[in-house]
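The figures that follow rest on heavy atoms only: side chains count, while hydrogens, waters and symmetry mates do not. We count ligands from 1, going down the list as the structure has it; atoms in each ligand are counted the same way.
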Amino acid sequence: MRAVIVVSGIVQGVGFRPFIYRIAKRQELKGFVRNRADAVVEIILEGEESRIHDFLQSLNREKPPLARLDNVQINYSEAEEGLVDFTIEKSSEERSKSGSVIPPDIAICNDCLNELRSSTDRRRNYFFITCTNCGPRYTTILSVPYDRPNTTMSQFAMCPNCQAEYSNPLDRRFHAQTIACQVCGPKMTLLNNSGKPVDVNDPIKEVGRLLSEGNVLALKGNGGFHLAASSLQDDPIEKLRRSKERRNKPFAIMARSLEATLTFAEVNSFEREQLESYMRPIVLLHKQYPFHLSDLISPNLDNVGVMLPYTGMHYLIFNSTSDPALIMTSANAPNEPIITESNDAIHRLGSVAEYFLVHDRTIAQRADDSVVRCIGSTPTLIRRSRGYAPVPLPLPGPPKTDVLALGAELNVTACMTLNGRAYVTQHIGDTETVETAKFLENAISHLEHIIGFKPDVVACDLHPAFATSKIAERKSKELDIPLRRIQHHHAHAGSLLAEHSLDEIVGIVCDGFGLGYENEAWGGEILVCHGSEFRRAAHLEEQPMVGGDLATRYPVRMVAGILRNEPAIQDWLMTHAPHLPYGENEISIIRRQLDREDFVWTSSCGRVLDSVAALLELCYERTYEGEPAIRLEAALRDGRDRLSLKPVIDGEIIRTTNMVQTIFDQIGKVSSPDLAFSAHAYLARTLAEASIAIAGEEGIGTVGFSGGVALNETISLMIRKLVSDAGLQYVGNSMIPPGDGGVSFGQAYLASLEQ
Ligand SMILES: [Zn+2]
Ligand SMILES: [Zn+2]
């Protein structure tokens, strides 16, 4: 009997063909296996029916750990003559709209790590050690099928030893496309900041020493450059902060090991699982006190972002430094994408990094590190990039329209829906700059090429001024396809519908800003969603945003607006005038604008939290996205809900002035941690109570929470508990970020539902 089998899913770049080879040989079947240009694997088998049956059982049961079988198509026919053996054939150029995909980058596996540390292995201490189960994938692939000539490894001809392993079916590097060794593979060079090679025997060993001495180094990795520095010394971190224009924004660190992490952070079992996963994301952990690393890593915060080493290079660097952890932050100019080319790195980072550790392998696609926070037991993605992209996410129901969605403005990703799955690009960044917009378009065309995608519909945000909206308009014209503009918070709620296969939901969506239908600023919304339709059922009280964006940057302005009718506020403002760039003059202008009602209104949840952060003297200027609210959450550690404020809900309006007013009245009487906690508790309780009531009226059984504020553990867990206690299902985002990194996914799904 003959069987023609086509397997789609994640089947290229994960040791799948060698695996097929082994199980076919075991069953003494004839035929061949090959990769196709649409990222599927095709298998031709000939032999006894029972053996083909056993083969198929092994296919499902024993598949390689990183393979994912989405669809196995089998056609039986009479055996033909002429097949004498089972072989791995050259890839075919054939392609159909398979929706199959290549894998993400995978952290170094234990077998490779053991070889790296062995004293006899021929790849001992080789920084670019990989195998069929590990190594870069998405960042090294130029085109499909995933074969060496289609990767940036094509520039390295295999030495006889590597060639022998590559061709030996019993070797664990059989058909490993990233196979390399000291003799034939990529090489490391250490450069000084004028680009001249530094004459050292072992560049990586030197790097550890230079870092321990307090130097800042730029390290070329698999998906881009990192800036690295000691985690124990203030000077190099201060230098990094100055040069990256990052006054307070926390830096991620890479810890030597889990044991080392436990000396400065708390790690529960959920967090540990994330840290050690092959995705190796940055995991947001609670600090362990006294915190023995530099306070400049994440100033004024209770959290620190930690990842474990994920390449041979990282492990080797830790061999020559005694630091428990190293600062490891994406190397980029402010608001620009991560740097991938050595010359560019030296040109742009020459003033911050003293040395550059570079290799001679080209980076095909950028990928920043991913970031995860465990909200209770639920790992929640803050940034979905390396290790995750471009693995598709399943969409509910039968395949619908093929949509390309462009996201919003900050933390942008793009998303494509094809064959019932959503393909989300790696993290792109804030698309305010030309460089980032270019990166976005490049990532889109790369992914389109790999999955064989052509959109029928393009989707974007309602905001006409976003760079992403302009790209969407252009694509809609160029391709002559419809453009759908999806309201920002509706897209967030849509991401919950898609992630949890729901038809309807009461969605609480809280963040900083999204445009409403009449040019209002939304950001604390309760939406009733049925399929692609929605209704704004309730929202946080609208508050004055004096000076527009300035009120986002300087939260004292939000206090002035929210408490405009409080007689004692003038004194408070005058006391806090030094925290505004123009001091008392600015206060007078703010007062005049308030009197004339010369301001915009916002229902943003983020802005309310900001105002409390200013009242509690935690933060007067936002230097990175979400800073005041993040610092407010950090301040509630050891606090409790002393105020127990009663929810005030007037019809569709969830009041916030009463809460801010009470906080103001209680300053000095109740401790800051208790006030911070009480503010969180009030918002969570009110949003939950309003949603539960709406769910009851509408006969909807599920309440969800999305938007950037859903990353706030305290608010999320309280809403979850209240919703569950009311007998309703609670859902949050997990596979896709609740923040704006998840907007494209929600846009794409909602647009795909429309006819
Ligand atoms: Zn490996
Ligand atoms: Zn070699």
Side-chain angles (χ1 to χ4, degrees), residues 10-22 62-68 102-141 146-149 151-189 202-204 221-223 254 257 275-281 307-319 359-362 367 386-388 391:
I10 301 173
V11 288
Q12 295 191 11
V14 289
F16 197 69
R17 286 178 305 172
F19 156 72
I20 294 297
Y21 178 91
R22 281 191 294 273
E62 303 165 31
K63 65 173 166 45
L66 303 169
R68 197 176 95 182
I102 46 139
D105 284 18
I106 296 151
I108 183 170
C109 72
N110 284 332
D111 291 336
C112 286
L113 192 53
N114 287 334
E115 288 178 6
L116 184 83
R117 290 169 166 166
S118 141
S119 55
T120 52
D121 193 273
R122 70 183 194 89
R123 288 192 184 81
R124 64 183 176 278
N125 294 339
Y126 180 50
F127 81 97
F128 193 71
I129 185 169
T130 68
C131 70
T132 43
N133 290 326
C134 75
R137 296 290 186 271
Y138 189 57
T139 56
T140 193
I141 292 173
Y146 174 57
D147 289 326
R148 191 142 166 135
T151 69
T152 60
M153 289 304 291
S154 64
Q155 59 194 108
F156 304 96
M158 282 181 240
C159 70
N161 281 334
C162 283
Q163 184 70 57
E165 291 170 352
Y166 184 85
S167 323
N168 175 5
L170 300 173
D171 194 279
R172 67 183 200 87
R173 292 197 174 83
F174 181 44
H175 277 257
Q177 309 301 343
T178 51
I179 192 170
C181 73
Q182 260 106 340
V183 176
C184 64
K187 307 246 182 323
M188 276 290 188
T189 318
D202 185 342
I204 299 184
N222 287 344
M254 180 177 280
S257 62
L275 282 169
E276 294 182 327
S277 71
Y278 73 78
M279 294 84 91
R280 294 284 156 90
M307 63 183 144
L308 293 179
Y310 57 87
T311 67
M313 177 183 85
H314 298 144
Y315 281 101
L316 292 172
I317 291 173
F318 277 110
N319 283 348
H359 58 69
D360 50 354
R361 193 177 61 83
T362 310
R386 175 186 54 75
Y388 299 87
V391 180

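When each of Arg122, Arg172, Arg124 is paired with Glu115, the salt bridge (Lys or Arg N to Asp or Glu O under 4.0 Å) condition holds for Arg172 and for no other.
Below 30°, between 30° and 60°, or above 60°: for His314 and Tyr310 the angle between ring planes is above 60°, a perpendicular geometry.
Centred on the Zn ion (ligand 2), the SG atom of Cys181 and the SG atom of Cys184 lie at an angle of 110°, reported to 10°. The angle subtended at the Zn ion (ligand 1) by SG of Cys134 and SG of Cys131 is 120°, given to the nearest 10°. For the pair SG of Cys109 and SG of Cys112, the angle at the Zn ion (ligand 1) is about 110°; rounding is to 10 degrees.
Using a 4.5 Å heavy-atom threshold, the side chains of Arg123 and Phe128 count as separate.
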Query raised in the report: Stepwise, does the salt bridge (Lys or Arg N to Asp or Glu O under 4.0 Å) test hold for Asp147 with Arg17?
Result: CA-CA 11 Å; Asp147 289 326; Arg17 286 178 305 172; 3.3 Å; yes
